[in-house]
Structures are given as structure tokens and as C-alpha cells.
Protein chains: 2
Amino acid sequence: MHVPHQVASPCNDAPSFREASPLETREAAERQKQRDGISETMSLLAESLAPGKRIVHAGDVIYRSGESFDSLCVMNSGLVKIVSLTQDGREQVVGLKFRGDWLGFDGIAHNAYACDAVAMDTGEVWTISYEALLKASTEQPRLLQALHRAMSGEITRDRESLTSVCTLPADARVADFLHYWAESLGKRGLRTDQITLRMTRAEIGNYLGMTLESVSRALSKLAREKIIAFVEKGRRDVRIPDLAGLAAFVERSLAPQAVTLQ
Amino acid sequence: MHVPHQVASPCNDAPSFREASPLETREAAERQKQRDGISETMSLLAESLAPGKRIVHAGDVIYRSGESFDSLCVMNSGLVKIVSLTQDGREQVVGLKFRGDWLGFDGIAHNAYACDAVAMDTGEVWTISYEALLKASTEQPRLLQALHRAMSGEITRDRESLTSVCTLPADARVADFLHYWAESLGKRGLRTDQITLRMTRAEIGNYLGMTLESVSRALSKLAREKIIAFVEKGRRDVRIPDLAGLAAFVERSLAPQAVTLQ
DNA sequence: CGCCACTTTGAATTAGCTCAAATTCCGTGG
DNA sequence: CCACGGAATTTGAGCTAATTCAAAGTGGCG
């Protein structure tokens with residue numbers, strides 16, 4: 001149960017050194033599993049459907065609300081935000097998508113997309129005809145399984161968003177957001193100790209239901225408490241020495257009454 | 001384009017009398033379509049799958065988080081709340097389900113339900129084996145279509161919830177909630193001018209991300225402004241003379257700056 | 001009838017918002 | 001290479017919407 005130490009790199013982007021707890025190794029194993037699952041699904045899609053591949057850059061619109069639906073997308077790399085626009089003009093970021101995530105489920109019900117999908121970074125998006133997917137899935141049930149799991153997972157994730165917004169104070173929401181983002185990277189085999197926020201404070205605030213100033217203050221507070229740190233020059237790179245620290249911060253904000261009453 | 005007036009009933013539960021606007025008739029037509037769609041799907045399920053039928057009463061747990069997943073449910077009647085419980089003990093109502101709605105999608109991804117489903121009223125719930133559904137759908141593609149549309153619709157609805165919580169002040173959130181509930185009834189062929197809240201103020205507040213006191217104050221304000229009315233004796237029955245009034249209240253709360261400036 | 005859970009309303013408090021100003025960063029062009 | 005300008009961010013100060021705390025009111029049900 002001993003994880004070998006890594007060699008320190010000279011610059012300040014080395015992971016923090018600590019013994020791995022049993023919990024952490026279990027979590028790491030879970031991430032490994034997730035990662036394998038994503039790669040497996042990507043291979044399956046690539047082989048069974050020969051999806052169209054498209055490179056997108058920050059700002060590119062992948063699909064727009066109202067466009068007629070005929071295909072789903074799966075992200076091979078990059079980062080995408082899903083934005084919903086209400087009739088009365090409110091704009092809401094309702095989701096973030098990473099490698100392996102599917103886009104466009106909202107289009108199935110009414111044959112038209114209900115949201116915009118906008119790239120926030122360079123990446124590759126695969127396009128999969130919904131018709132073709134259904135057709136192929138009769139001979140390859142794993143395709144259907146992958147589709148259903150992805151939809152199911154999206155429903156669960158959306159509920160987590162709602163729970164965060166409804167039950168956490170602003171500071172904790174930001175901490176929870178960073179935790180979610182880092183975990184998302186971890187599940188995809190990427191480092192969890194540093195993330196590059198490709199969203200402005202305003203976008204983060206919109207996603208979390210608070211103002212950009214509150215996001216900024218929350219980040220400053222987390223940095224002050226050494227739960228995160230900003231990489232020198234630029235406030236888009238966030239260093240997270242210990243993921244559990246973020247989770248602990250969230251918990252702490254839920255039970256501030258627990259003074260040492262003994 | 002003339003809708004016949006109805007006879008006034010002696011008690012105070014008569015619908016308000018107004019000419020139907022083109023918008024309203026379009027909305028009514030939309031509701032009719034929705035209603036037909038729901039009934040059609042229910043028939044399809046009944047014929048193709050002979051689902052298990054179960055009567056539930058208020059408080060009954062239909063499934064619980066953690067239970068192993070093997071079947072979905074479809075509501076034939078009644079009202080169900082979906083409750084998510086986080087690891088750190090936060091409880092969040094993440095959805096409400098009416099006739100025609102499916103339950104249990106969250107179970108597909110990990111073969112275990114991620115939420116509790118609790119009946120809030122007497123009703124009938126149909127149980128559909130997920131395996132059997134997939135099997136039957138190879139010969140009856142409309143089953144798969146119904147499943148996918150239901151999942152897609154749930155994703156869209158969840159995003160609407162998030163948008164409401166993130167972008168509306170408390171009062172408007174309650175108004176929006178009532179509007180959603182009445183619309184949901186309308187889509188199922190029920191009257192939209194009166195709803196019986198089968199949730200306490202605390203449950204509503206939980207769902208909308210606010211305290212029970214704020215819910216109460218918001219309802220009082222809506223009643224004061226005659227946008228809703230409480231049916232005499234008991235504050236669970238809410239009369240909605242005009243659905244558009246609720247929508248207008250929401251809009252108003254978004255643009256309070258629009259004074260009569262030319 | 002009386003209990004208990006739910007609801008309403010008021011008063012005081014506060015978390016988060018708005019408004020404002022200063023600072024940093026980054027791309028562009030001289 | 002450096003100066004400049006605009007966009008994003010940070011931070012402070014005051015304000016306000018919503019919460020917390022408290023008390024009274026209401027209704028359902030054994």
C-alpha cells in the first residue's frame with residue numbers, strides 16, 4: 001500500500017508530497033476505472049460509427065439552440081460550455097463538458113437543440129448521426145448502453161449542480177466547483193493538482209448563481225487559506241495542492257456551529 | 001376564434017372569464033398535443049410491456065438511493081418527488097414527477113439509483129424492467145424513441161430548474177414554480193387554474209433554494225397582488241386566475257428599472 | 001377538545017449584491 | 001522593445017434581499 005514518491009521538478013508545478021491514504025488510493029483506482037471506461041467508449045464509437053471529426057477553437061459554436069437536431073457529439077478533447085437562453089433573455093451556463101462527454105441530448109425530445117454548445121478551448125469533437133447510432137446499436141448493444149449511461153450520468157450531474165446551488169453558500173460553491181473540475185480531469189487521466197480555468201469570473205459566477213465579484217472574493221479567500229494557490233502571472237491557473245482540502249472547506253461551511261463544545 | 005363562456009359556478013372556483021388570445025389558443029393546442037403524446041406513450045408501454053402496476057400513497061418510497069437498479073418506472077397518476085442526499089448529509093429535492101413522467105434514469109449509469117423517489121400523493125406507478133424494455137425496443141423502435149425523449153426531456157427540465165434558481169429572485173422563483181406546476185397539469189389535460197400543493201413550504205423552499213419563510217412571504221405577496229388566491233380554509237390549494245399573470249410577475253422582477261421612461 | 005405540525009408575520013441580522021475605483025494582464029502597434 | 005488600451009480581476013464600502021430567530025396563528029386529526 002505504498003505509493004512511490006515522485007521526483008520534485010524544479011519549477012513550482014510539482015504535485016504535493018504526502019503518503020497516499022487508503023481513501024486516496026481507492027479514489028485513484030476509481031479514477032483509473034473511469035478513465036478506462038471513457039477510452040473504451042471512445043474506441044467503440046470510433047470503430048462502430050466512424051464519426052465525423054471536427055477541430056474547434058475557443059468561441060466556436062458547435063450547435064445553437066433552435067437548430068434542427070440530427071446528431072449527437074462526443075468530445076474527444078477540449079472544453080465546452082452549454083448555455084441555455086430563456087425566452088425573456090436570461091442566459092445561463094448549465095453545464096461543462098470534457099473528454100468523453102456527449103453533447104446534444106437536449107435535442108432529442110423536440111428534434112431541435114434547446115441550448116448552445118460553445119467551445120472554450122481548442123479541442124476535437126466527434127459528430128455522430130443519431131439515426132446511425134440507433135441503427136448500429138441493434139447489432140452492437142454496447143453502443144446503446146454507452147448512450148444510456150451518458151444520458152443517465154448527465155441527469156445525475158445536473159442534479160449535483162442544482163444541489164450545490166441550492167444548499168451551499170457562495171464560497172463553498174466555488175470550492176465545490178473547483179473540486180468538480182479537478183475530479184473531472186482526474187477521471188480523464190489528467191492531473192488534478194492544477195487546473196486552467198478557461199472561463200472568466202463572470203462565466204463561473206453565472207454557472208454558480210452568483211456575481212463575478214463573489215467568485216473573485218471566494219477564490220481570494222481560498223487562496224488566503226492556502227486551499228488553492230494562483231500560479232504566478234495570471235489568475236486563470238489554479239493550483240490545488242490537496243483535493244481533499246476543497247472538500248473539507250465545503251463541509252466546514254456547512255457546520256460552522258461545531259465549535260469545540262465538549 | 002370564439003371560446004364559449006362557461007356557466008359560473010356558485011362557489012369561488014370558477015375559472016376567470018376572458019376572451020382567449022391567439023397566444024392562449026396556441027398554448028392550449030400545444031398542451032393538447034402534449035397530452036395526446038403522453039396518453040399514446042402510456043398505451044404503447046401498456047401494450048408492449050405489460051408493466052407491473054403499483055398503487056402508492058403519500059410517503060411511500062418507490063425506490064431508494066443505493067438500491068440496485070433494474071427497472072424504470074412510469075407514472076400513471078399521482079405525484080412523486082425525487083430527493084438527492086449528498087454524502088455530507090445535505091438533502092435536496094431535485095425533481096417533481098407527474099403522469100407520464102419516468103423515474104429512475106439516474107440508476108442506469110451505475111446500476112444503482114442515485115436518488116430517492118417518494119410519493120406525495122396517491123397514485124399508480126408502472127414498473128418496467130430495463131432489460132425487457134431494451135429487448136422489446138428492438139422490435140418496437142417507438143419504445144426506444146419514447147425512452148430517449150423522456151430522458152432528453154428530463155435533462156431539459158433539470159436545466160430549467162437550475163436556470164430558475166440561478167437567475168431569479170426568491171419571489172419570482174416561487175411564481176415560476178407555480179407556473180411550471182400548473183403548466184405540467186395542463187399538459188396532462190388537467191385544469192391549470194387551481195393546483196393543490198402537496199408539498200410543505202419547507203419542501204418547496206428546499207426545491208427552490210430558499211427558506212420556508214421566504215416561500216411563505218412570496219406566496220403572501222402573490223396573493224396580495226391578486227396573481228394567486230388561496231382557496232378558503234387551507235393554504236395548500238392555490239387558485240391561479242391567469243397563468244400569464246405568473247409569467248408577467250417573473251418578467252417584472254427581471255426588469256424593475258423599466259419605469260415609464262418615454 | 002387539545003395536541004402537533006405547519007404556516008404566517010415581524011424584527012434583527014447578514015451574506016451576497018451593487019457600485020466604484022484601482023490594478024493586472026495581454027494583445028497590438030509604434 | 002516598450003507604450004498603450006481594453007478587458008478581466010481585485011478589493012473596498014454601502015446597501016438590500018433573504019436569512020435567522022422569535023412569536024403568534026391556523027388547521028387537521030386522534
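To find a chain, count down the sequence lines: A is the first, B the second, and so on, and within it residues start at 1. Predicted model only: the values in this text are computed from it and were never measured.
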Enumerate the residues from residues 203-219 of chain A whose closest heavy atom to DNA chain D is under 4.0 Å, giving them by residue number; use none for an empty result.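 Heavy-atom contacts with DNA chain D come from A:Leu212, A:Glu213, A:Ser216, A:Arg217.
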Salt bridge (charged side-chain N to carboxylate O under 4.0 Å, His left out) involving [X] - partner list, sequence neighbours excluded:
| X | answer |
| --- | --- |
| B:Arg90 | B:Asp88 |
| A:Lys81 | A:Glu203 |
| A:Asp106 | B:Arg159 |

Among residues at least two apart in sequence or on other chains, which ones pass side-chain hydrogen bond (donor to acceptor under 3.5 Å, both in side chains) with [X]?
| X | value |
| --- | --- |
| B:Ser161 | B:Arg157, B:Tyr207 |
| A:Glu67 | none |
| B:Glu213 | none |

Which donor-acceptor pairs under 3.5 Å do side chains of residues 217-227 of chain A form with protein atoms, sequence neighbours excluded?
| from | atom 1 | to | atom 2 | distance (Å) |
| --- | --- | --- | --- | --- |
| A:Ser220 | OG | A:Ser216 | O | 3.0 |
| A:Lys221 | NZ | A:Asp171 | OD2 | 2.9 |

Could you state the atom-to-atom distance from CZ of A:Arg236 to C1' of C:dC26 in whole Å?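 Rounding to the nearest Å, CZ of A:Arg236 and C1' of C:dC26 are 11 Å apart.
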Sequence neighbours excluded - ring-ring contact (aromatic ring centres under 6.0 Å, His included) pairs with any residue from residues 83-103 of chain B: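 Non-adjacent pairs meeting ring-ring contact (aromatic ring centres under 6.0 Å, His included): B:Phe98-B:Trp181, B:Trp102-B:Phe105.
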Of all nucleotides in DNA chain D that come within under 4.0 Å of a heavy atom of chain A, which is furthest toward the 5' end and which toward the 3' end?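 For DNA chain D, the relevant span reads D:dT9 to D:dA13.
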Set out, line by line, the N/O atom pairs under 3.5 Å between protein and nucleotides 21-25 of chain C.
none

Five pairs per end, C1' atoms only: what is the angle between the end axes of the helix from C:dC1-D:dG30 to C:dG30-D:dC1, to 10 degrees?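 The angle separating the two end axes equals 40°.
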When you check the phosphate oxygens OP1 and OP2 of C:dT9, does a side-chain N or O of B:Ser220 lie under 4.0 Å from one of them?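 The answer is yes; a side-chain N or O of B:Ser220 sits under 4.0 Å from OP1 or OP2.
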